[in-house]
Amino acid sequence: MGKNNTRIHMQFAILAIVLTTAIMVKEATSISICNISTNNLNKCRPAVTGNNPPPPEPDCCAVAKTANLRCLCSYKAFLRRYGMEPSNIRPLLAKCGISPPSCL
């Protein structure tokens, strides 16, 4: 019976190590672009995707309010790679109460 308990404890220890590593890797893979973490960028993806996107969630507006919008202008051409439609950015910002720069 002692071997079974040891085996169970080892399995839990390995699981804990794997989960901790996964969390650390996820956090480490986030980079910041224009004051926006790439992980936080996903909070706005629904509001800028497709032809008739839903209104932005409060989390998205919080991310948008911390963004360096002038900086985003230089990345506008690359937004489609992330599944975001550039023409939806201006309406998103308006719905969040943010005045967009003319380049967006």
Show the nearest heavy-atom pair for residues Pro46 and Pro53, with the distance to one decimal. O-CB, 3.4 Å
Measure across Pro100 and Leu93 and return the closest heavy-atom pair with its distance rounded to 0.1 Å. CB-CD1, 3.5 Å
Treating Asn88 as the side-chain partner and Asn51 as the backbone partner, does any N or O pair qualify as donor plus acceptor under 3.5 Å? no
By salt bridge (charged side-chain N to carboxylate O under 4.0 Å, His left out) - contacts of Glu85 (at least two apart): Arg80
Spatial distance of atom OG (Ser99) from atom CG (Leu104) [nearest 0.5 Å]: 12.0 Å
Scanning both residues in full, the closest heavy-atom pair of Val63 with Thr66 reads O-OG1, 2.8 Å
From the list Leu41, Leu92, Ile89, side-chain contact (heavy atoms from CB on, under 4.5 Å) with Met84 holds only for Leu41
Can you give each donor-acceptor pair under 3.5 Å made by side-chain atoms of residues 68-78, sequence neighbours left out, with the distance rounded to 0.1 Å?
| unit_1 | atom_1 | unit_2 | atom_2 | d |
| --- | --- | --- | --- | --- |
| Asn68 | OD1 | Arg70 | N | 3.3 |
| Asn68 | OD1 | Cys71 | N | 3.1 |
| Ser74 | OG | Cys71 | O | 2.7 |
| Lys76 | NZ | Cys103 | O | 3.4 |

Of all residues at least two apart in sequence or in a different chain, which pass the side chain to side chain donor-acceptor pair (under 3.5 Å) check with Asp59? none
